[in-house]
Every structure is written in structure tokens, then in C-alpha cells.
Amino acid sequence: MTNVRITPLTPVIGGEIEGIDLATPISDAEASFIRQALLDHHVVFFRNQDLNHDQHKAVGNLFGELVKVPFVESVPFHPEIFEIIKLPEECDVYNFGGNWHTDMTYMQEPALVSTLYGAEVPASGGDTMFASLEDAYSGLSSGMQQLLEGLTGVHTADRSYGRAGKFARDTIADEGMNVRPSEDAAKQIEHPVVRTHPETGRKALYVNPNFTFHFKDMSEDESKPLLDFLFKHITRDEFVCRFRWTSGSVVIWDNRCTMHRALNDYDGHRRVMRRVTVGGDQPRLI
Ligand SMILES: O=C(O)CCC(=O)C(=O)O
Ligand SMILES: [Fe+2]
């Protein structure tokens with residue numbers, strides 16, 4: 001553990017960990033270091049890793065049990081892994097994860113942690129952005145914080161994976177990855193607009209433009225101005241970081257306090273990422 005260190009990417013979000021080889025069995029001391037780094041920095045990055053499927057799953061298991069992500073096809077024999085692929089010929093189309101979101105908030109128990117392995121990355125472009133929902137919450141006035149604590153958000157995957165959602169159209173980069181629209185996506189799930197992180201006790205603003213479509217007991221039109229303000233607020237420069245992938249990078253993010261977005265500025269190039277997802281518990285305001 002002598003050479004293990006973390007370098008913050010910004011003062012509020014992101015940290016790069018050096019000195020750990022994720023392909024070898026991860027020691028208890030290394031595991032505690034990574035878990036604490038994730039609580040402190042919300043998203044952590046590793047470079048030059050070489051992971052097979054089992055080693056990648058072992059990284060996910062540092063945080064809990066793995067889940068299969070709905071609506072996307074897994075790799076053969078590993079239901080807990082799927083690939084995010086954009087092919088060189090998929091130009092001028094929406095990319096998977098291309099809009100700000102937190103993973104799986106369309107479920108009662110959304111993802112706790114997601115880990116992404118950069119298998120093939122373009123020479124430039126295809127960065128991923130992350131935003132701190134905790135710092136965004138602390139950056140609001142006490143009046144706005146109080147108002148939001150009384151609200152519930154209604155989340156659904158319908159606009160992404162529903163029968164008439166984005167992925168049911170052909171203006172999407174999903175040739176290589178097989179996304180499966182379904183009527184199950186229409187389900188509406190409620191989460192508090194402000195949630196407490198069960199491990200740190202910090203509050204986070206738990207809404208995202210992909211899946212939160214209105215406040216409970218309010219119409220979409222009524223909800224829109226406040227939601228739009230919140231989405232703009234969360235993505236202010238001071239709450240975000242941007243990760244530039246190199247092949248073999250591993251990124252681990254805490255879905256309880258972040259949202260993220262995959263940039264789509266590399267048309268004509270191939271990008272392949274492998275995702276392992278850890279199951280979470282029901283978000284609560286404590
Ligand atoms: O491709 C990326 O950079 C991120 C995609 C995404 O949203 C995810 O893996 O959850
Ligand atoms: Fe995502």
C-alpha cells in the first residue's frame with residue numbers, strides 16, 4: 001500500500017487513484033482505500049488497467065452485489081456485464097448515456113455504484129462528465145433547500161426505453177449493443193427530490209433530465225421551470241468534472257450523489273466500454 005495515492009481532479013468531484021492493480025486480488029487495505037476515496041470524491045479513476053470479465057466483476061463486488069441492467073443485452077455468459085458500443089458508421093445519432101442522468105433511477109432501488117472499463121477508446125473525444133449532486137444541493141439557498149425537501153420526483157425510463165422512446169427510433173447508436181425497448185419502461189417510480197447518502201449522511205439533489213419528468217402531484221408543465229433550473233444548476237462548472245479516457249481506464253462512480261453524461265464528439269471512430277453495476281437500496285431523505 002506504500003505507493004497508493006489519490007490526486008483530486010477538481011476540489012469537489014473526481015480523484016485519480018494510482019498504485020493499485022485491479023487485476024490482481026484486491027487486498028482489504030486497498031479495498032478500504034478505494035471505498036473511502038469514492039465517498040470523498042464521488043467518482044474515482046484508474047489508468048492502464050487490464051481487466052477480464054471476472055476481474056471487472058470483482059471490482060464491482062467491492063461495493064455489493066451486481067445487478068443486470070434492464071433494457072440492454074449483456075455479454076454472453078456474464079449477465080452482470082454489458083457493453084456500450086458506438087461504431088464508426090454511427091454518425092449524427094444519439095449515444096448511450098449521452099444526456100445527463102443517474103443510473104437506473106427509473107427503478108425503486110436504483111444502481112448504487114457503476115464501474116466502466118474503457119476497452120477501446122477514440123484517440124480524442126468520448127470523454128465522460130460527472131456532476132456532484134451533493135455540492136449542487138449545498139450550493140442552493142436554504143429557502144430552496146427547504147422547498148425541495150418537501151417534493152417527490154416521478155421517474156420513468158419511458159422516454160428512453162419505452163415503445164415510443166429514444167431507443168425505439170433509428171437515430172440512436174445501438175447497432176453494436178442491442179438496446180431493447182419494452183412497455184416495462186412506462187412504470188413510474190417515486191423518489192425524494194432530496195436524498196441522504198446512507199454512508200456519509202450528506203444530502204443530494206436527486207433529479208436528472210433523462211428520468212425525472214415531473215414532481216408528484218404536479219403536471220409536467222408546472223414542474224418544468226423548476227426542474228430546468230435544477231438541471232442547469234447541477235451542471236454548473238463548479239460542480240462538474242470531465243474525464244478523458246485512455247484505453248484501460250477504469251471509472252467507478254457513486255450513483256447516490258452524482259449524475260453523468262457521455263460526450264458524443266467522436267463520429268467516425270469506435271468506442272467500446274464495459275459496464276458492471278452494483279445494486280442499491282431505496283433512496284430516502286433522513
Ligand atoms: O459511455 C459512457 O461514458 C457512460 C455511459 C453511461 O451512461 C453509463 O455507463 O452509465
Ligand atoms: Fe449512465
Side-chain angles (χ1 to χ4, degrees), residues 9 13-14 42-47 51 56-57 59-60 63 66-75 78 80-87 90 93-107 110-122 124-133 155 157 159-161 165-167 172-179 185 206-212 231 234-235 240-267 269-280:
L9 185 57
I13 181 167
H42 315 315
V43 49
V44 293
F45 314 105
F46 300 81
R47 300 239 180 228
L51 298 187
H56 190 178
K57 287 197 279 192
V59 172
F63 302 93
L66 309 184
V67 289
K68 187 194 166 318
V69 175
F71 314 117
V72 288
E73 188 159 295
S74 304
V75 302
H78 295 273
E80 314 89 341
I81 301 183
F82 73 95
E83 289 184 325
I84 297 163
I85 303 177
K86 187 164 113 104
L87 304 173
E90 293 183 302
V93 290
Y94 177 75
N95 61 323
F96 186 90
N99 198 15
W100 282 106
H101 65 284
T102 299
D103 290 333
M104 291 164 60
T105 68
Y106 50 80
M107 297 189 66
L112 189 88
V113 157
S114 303
T115 77
L116 207 58
Y117 175 64
E120 279 182 57
V121 306
S124 69
D127 295 357
T128 308
M129 302 196 63
F130 295 89
S132 166
L133 303 177
H155 298 239
R159 289 193 295 208
S160 297
Y161 307 119
K166 280 203 276 266
F167 281 90
I172 293 287
D174 62 350
E175 283 280 300
M177 60 178 294
N178 219 343
V179 180
Y206 200 62
V207 289
N208 70 82
N210 250 14
F211 304 127
T212 316
F231 299 151
I234 297 167
T235 54
V240 306
C241 70
R242 174 169 172 159
F243 181 67
R244 185 187 189 311
W245 290 90
T246 42
S247 141
S249 300
V250 173
V251 177
I252 303 174
W253 63 88
D254 186 340
N255 283 297
R256 296 167 290 189
C257 55
T258 57
M259 61 178 192
H260 57 277
R261 162 173 189 240
L263 298 188
N264 191 14
D265 53 355
Y266 56 98
D267 274 3
H269 299 275
R270 186 179 154 91
R271 181 178 185 270
V272 180
M273 301 279 153
R274 282 192 208 120
R275 222 307 275 278
V276 163
T277 312
V278 182

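One-based numbering, in listed order, for ligands and for the atoms of each.
P209 meets the side chain to side chain contact (heavy atoms under 4.5 Å, CB included) test with N99, W100, F231, M259; sequence neighbours excluded. Shown here are the ring-ring contact (aromatic ring centres under 6.0 Å, His included) partners of Y161, two or more places apart in sequence or in another chain: F71, F167.
Side chain to side chain, D103 and H101 meet the donor-acceptor criterion of an N or O pair below 3.5 Å.
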_Test side-chain contact (heavy atoms from CB on, under 4.5 Å) applied to V207 and I234, step by step_ = CA-CA 9 Å; V207 289; I234 297 167; 4.2 Å; yes
*Determine, step by step, whether T277 and R275 satisfy the side chain to side chain donor-acceptor pair (under 3.5 Å) criterion, reporting the C-alpha distance in whole Å, the side-chain angles of both residues, the deciding distance to 0.1 Å, and the verdict.*
CA-CA 6 Å; T277 312; R275 222 307 275 278; 2.8 Å; yes
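Salt bridge present: D127 and R242 bring a charged side-chain N and a carboxylate O closer than 4.0 Å.
At least one side-chain heavy atom of V59 sits under 4.5 Å from a side-chain heavy atom of L51.
Protein N/O/S atoms found under 2.8 Å from the Fe ion (ligand 2): H101 NE2, D103 OD1, H260 NE2.
In this structure, K86 forms no cation-pi arrangement with F96, as its terminal cationic atom is not both closer than 6.0 Å to the ring centre and no more than 45° off the ring axis.
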Between ligand 1 and the protein, which N/O pairs are shorter than 3.5 Å?
residue, atom, partner, partner atom, Å
ligand 1, 1 (O), R271, NH1, 2.8
ligand 1, 1 (O), R271, NH2, 3.4
ligand 1, 3 (O), T128, OG1, 2.6
ligand 1, 3 (O), R271, NH2, 2.7
ligand 1, 7 (O), H101, NE2, 3.0
ligand 1, 7 (O), H260, NE2, 3.1
ligand 1, 9 (O), R275, NH1, 3.1
ligand 1, 10 (O), D103, OD1, 3.0
ligand 1, 10 (O), D103, OD2, 3.2
ligand 1, 10 (O), H260, NE2, 3.1
ligand 1, 10 (O), R275, NH1, 2.5

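In terms of modelled atom types and a separation under 3.5 Å, the side chain of T102 and the main chain of T258 share a donor-acceptor contact.
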